[in-house]
**Q** 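Have a look at this one before I ask anything.
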Amino acid sequence: MPAVGTAVDVDSRMRLVIRDVEEVVTLEELRSLLEVGGGRGYLGFEPSGLFHIGWLVWAYKFRELVEAGFRMTLLAATWHAWINDKLGGDMELIRAAARHVVDVLDALGLEGRFQVVYAEDLVDSAEYWGTLLRVAKHTSMARVRRALTIMGRRAEESESDFSKFVYPLMQVTDIFELDLDLALGGIDQRKAHMLARDVAEKIGRRKVVAVHTPLLPSLQGISRMDIAALPKDELMAEIKMSKSKPESAIFVTDSDEEIRAKVMRAYCPPRDVEGNPVLGIAKHIIFRGSEVEFVVERPSKYGGPVTYWRYEDLERDYVDGRVHPMDLKASVAEYLVKKVVGPIRSYAARPEREELLRKIRDAVTR
RNA sequence: CCCGCCGUAGCUCAGCGGCAGAGCGCCCGGCUGUAGUGUGGGGGCCGAGACCGGGUGGUCGGGGGUUCAAAUCCCCCCGGCGGGACCA
């Protein structure tokens with residue numbers, strides 16, 4: 001049972017929650033929740049394939065919210081994934097991918113400490129659709145369009161099917177139907193969360209506190225790790241994706257050798273912090289805004305090994321050129337292998353999951 | 001969450017320190033005597049719309065402040081809308 005009460009306790013839990021977070025809307029509201037011991041929180045994710053380390057950023061925060069006293073729900077957004085044509089629109093595969101994500105959270109020590117809800121169950125009530133209509137009634141078309149995450153470059157309005165426009169309304173409805181106090185997500189979920197806050201005021205529902213985690217840059221240095229599926233030319237898109245996606249992300253099921261190879265191949269310009277995926281991993285996966293022992297193995301002719309406890313120190317040395325991309329990559333890869341992916345893989349990719357993972361992998365690569 | 005625009009008659013809006021307005025609507029009347037209704041034919045009755053005249057219209061979103069004077073200027077709040085919000 002989480003201890004409730006003292007101001008000191010609230011402060012430390014506050015620090016835990018806002019650590020290495022991109023943004024909290026609002027800090028005052030978050031504090032109020034912590035003062036009463038937490039509340040109900042959630043994270044919704046689209047089961048779209050294997051778990052990549054970019055998702056660890058929110059997964060760690062999910063765990064910290066549990067530790068801070070929140071009763072967390074993981075929403076497997078199966079219908080949402082279906083709308084975005086993930087996994088070829090195969091609902092069974094989408095469910096399998098969701099199961100895999102639950103495994104990863106369990107591997108992080110969260111087994112039995114959070115609730116899992118499938119979108120299919122949530123949607124299976126008349127009340128859900130009543131709420132969705134109420135949400136829709138208070139949302140203009142322009143506002144929905146603005147909340148759309150898809151439709152980046154090529155996918156213009158004319159080639160979107162209408163389900164894509166229902167998507168943001170569902171995200172908002174999910175929040176209301178789960179009766180939440182807090183919504184967790186990457187900063188890319190900001191639009192949906194803000195829509196939920198706006199609409200909440202209009203229809204007299206609770207306004208969720210929004211906690212947004214940073215996003216990891218793609219290993220290739222362009223865009224983000226989670227490449228959005230293109231509804232454009234399906235076949236071409238699938239082929240392009242299958243070739244590019246495995247290279248742009250590290251999956252928790254990757255072997256040690258795959259991890260090392262991917263990190264070594266990653267975009268990592270010397271002295272450059274901007275959009276640097278390797279530094280990004282160091283910042284948001286390894287250090288995460290706190291003190292961590294991180295050893296950069298460096299050939300003695302360049303100064304020998306250095307130990308960093310704070311990300312800022314590592315970044316400073318990298319910018320100054322004292323840490324070479326080669327050194328950084330090798331060290332980050334080793335850390336990922338031993339401390340991050342290794343433990344997760346041994347649980348989430350255990351033998352009895354082999355069949356499940358193979359199906360998901362095949363579907364993405366197809 | 002941030003920025004901006006807008007809240008004035010039932011509706012759409014103008015007015016932006018000096019009597020609260022226009023168009024549309026609504027009500028009354030006039031004019032027309034038509035469409036329609038009704039018939040075997042004729043006649044009569046009822047008669048919309050258009051047009052003309054008259055009338056009906058208001059916590060100027062709410063609260064506070066400045067001023068001799070506030071719809072008008074300032075502050076706060078409420079409501080609506082649009083845009084922004086990692087990256088593109």
Side-chain angles (χ1 to χ4, degrees), chain A residues 17-18 20-33 43 45-46 52-58 60-61 84 134-157 159-160 164 168 171-172 175 180-232 237 240-241 244-245 248-249 266-267 269 272-285 288-289 311:
Chain A
V17 172
I18 68 177
D20 196 39
V21 122
E22 187 84 13
E23 152 184 75
V24 175
V25 182
T26 64
L27 286 168
E28 293 71 24
E29 293 170 28
L30 173 63
R31 176 170 286 277
S32 303
L33 289 178
L43 176 128
F45 74 99
E46 271 187 35
H52 62 71
I53 64 169
W55 285 7
L56 283 175
V57 178
W58 60 251
Y60 287 149
K61 189 54 64 184
N84 279 339
R134 269 179 250 281
V135 170
K137 190 70 179 167
H138 292 274
T139 309
S140 70
M141 281 300 292
R143 192 73 173 76
V144 172
R145 197 174 298 118
R146 206 147 47 87
L148 248 44
T149 45
I150 297 304
M151 183 188 329
R153 53 266 136 183
R154 318 189 59 129
E156 283 308 321
E157 209 169 305
E159 17 189 315
S160 297
K164 308 271 191 301
Q171 284 183 281
V172 173
I175 287 168
L180 301 170
D181 302 290
L182 178 145
L184 170 67
I187 187 68
D188 57 336
Q189 296 306 306
R190 189 176 208 280
K191 290 166 196 277
H193 292 161
M194 290 306 145
L195 179 60
R197 284 175 62 88
D198 285 352
V199 174
E201 285 180 333
K202 294 181 184 176
I203 68 176
R205 295 295 200 118
R206 198 176 314 134
K207 250 167 93 172
V208 278
V209 172
V211 176
H212 300 138
T213 56
L215 274 79
L216 283 189
S218 153
L219 286 182
Q220 258 103 47
I222 37 154
S223 175
R224 65 181 112 115
M225 239 170 185
D226 189 21
I227 296 174
L230 294 171
K232 179 75 179 168
K240 262 194 101 170
M241 221 173 93
S244 64
K245 189 167 179 174
S248 70
Y267 171 78
D272 198 349
V273 179
E274 202 61 37
N276 187 318
V278 185
L279 273 179
I281 291 169
K283 185 175 187 181
H284 302 303
I285 300 289
R288 310 195 52 254
Y311 170 76

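Below, each value reflects all heavy atoms present in this structure, side chains not excepted, and no hydrogens, waters or symmetry copies. Proteins get letters first, then strands, A, B, ... in listed order; numbering begins at 1 in each.
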**Q** Please measure how far the C1' atom in B:rC46 lies from the corresponding atom in B:rG38, and state the result in whole Å.
**A**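 So the two C1' atoms sit 10 Å from each other.
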**Q** Please give the distance between the P atoms of B:rA85 and B:rC3 as a whole number of Å.
**A**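 To the nearest whole Å, 15 Å.
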**Q** Could you tell me the Watson-Crick or G-U partner of B:rG84, where both distances fall under 3.5 Å? Say none if there is no partner.
**A**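 B:rG84 is paired with B:rC1.
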**Q** After noting the C-alpha distance and the side-chain angles of A:R197 and A:E29, does the key distance pass the salt bridge (charged side-chain N to carboxylate O under 4.0 Å, His left out) rule?
**A** CA-CA 12 Å; A:R197 284 175 62 88; A:E29 293 170 28; 2.9 Å; yes
**Q** Does a donor on one side chain and an acceptor on the other come within less than 3.5 Å for A:H212 and A:E23?
**A**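 Result is yes, a qualifying pair exists.
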**Q** Mapping A:R197 and A:E274 to their closest nucleotides on RNA chain B, which lands nearer the 5' end?
**A**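 Checking each residue's closest nucleotide, the 5'-ward one belongs to A:R197.
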**Q** With rounding to whole Å, what would you report as the distance between B:rC31 and B:rG47 at their C1' atoms?
**A**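 About 14 Å, rounded to a whole number of Å.
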**Q** Quick check on RNA chain B: between A:A192 and A:K202, whose nearest nucleotide comes earlier from the 5' end?
**A**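 Here A:K202 is the residue nearer the 5' end.
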**Q** What's the gap between B:rG25 and B:rC11 when it is taken at their C1' atoms, as a whole Å value?
**A**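 To the nearest whole Å, 7 Å.
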**Q** Working to the nearest 0.5 angstrom, can you tell me the gap between A:H284 NE2 and A:L56 CG?
**A**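 Reported value, rounded in 0.5 Å steps: 13.0 Å.
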**Q** A:I187 has an atom CD1; how far is it from atom P of B:rC1, in whole Å?
**A**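 My rounded result for the distance is 15 Å.
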**Q** How far does the C1' atom of B:rC87 sit from the matching atom of B:rG82, given to the nearest Å?
**A**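 Going atom to atom, C1' in each nucleotide, I get 23 Å.
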**Q** Report the distance from atom CD of A:E22 to atom P of B:rA85, rounded to the nearest whole Å.
**A**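 To the nearest whole Å, that distance equals 14 Å.
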**Q** According to the Watson-Crick and G-U wobble definitions, with both distances under 3.5 Å, which nucleotide is paired to B:rG53?
**A**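 Base partner found: B:rC28.
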**Q** Does the base of B:rC86 carry an N or O that pairs as donor and acceptor with the side chain of A:R190 under 3.5 Å?
**A**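 Absent.
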**Q** Using the C1' atom as the point on both nucleotides, what is the distance between B:rG65 and B:rG79, in whole Å?
**A**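 Pairwise C1' distance, B:rG79 against B:rG65, rounds to 22 Å.
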**Q** Regarding A:R206 and A:E201, does a basic nitrogen lie under 4.0 Å from an acidic carboxylate oxygen?
**A**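 A:E201 and A:R206: not salt-bridged.
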**Q** For the side chain of A:A142, starting at C-beta, report the closest nucleotide among B:rC86, B:rG83, B:rC81.
**A**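 Nearest nucleotide to the side chain: B:rG83.
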**Q** Let me know the distance between CZ of A:R145 and C1' of B:rA85, rounded to the nearest Å.
**A**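 That distance rounds to 18 Å.
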**Q** How long is the gap from NZ on A:K207 to CG on A:D198, to the nearest 0.5 Å?
**A**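 Between atom NZ of A:K207 and atom CG of A:D198 there are 8.0 Å.
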**Q** Please report the distance separating the P of B:rC76 from the corresponding atom of B:rC1, rounded so that it comes out in whole Å.
**A**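 That atom pair is separated by 16 Å.
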**Q** If the C1' atom of B:rC73 is compared with that of B:rA69, how far apart are they to the nearest Å?
**A**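 Going atom to atom, C1' in each nucleotide, I get 13 Å.
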**Q** In whole angstrom, what separates A:D198's CG from B:rC3's P?
**A**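 Going from CG in A:D198 over to P in B:rC3 covers 14 Å.
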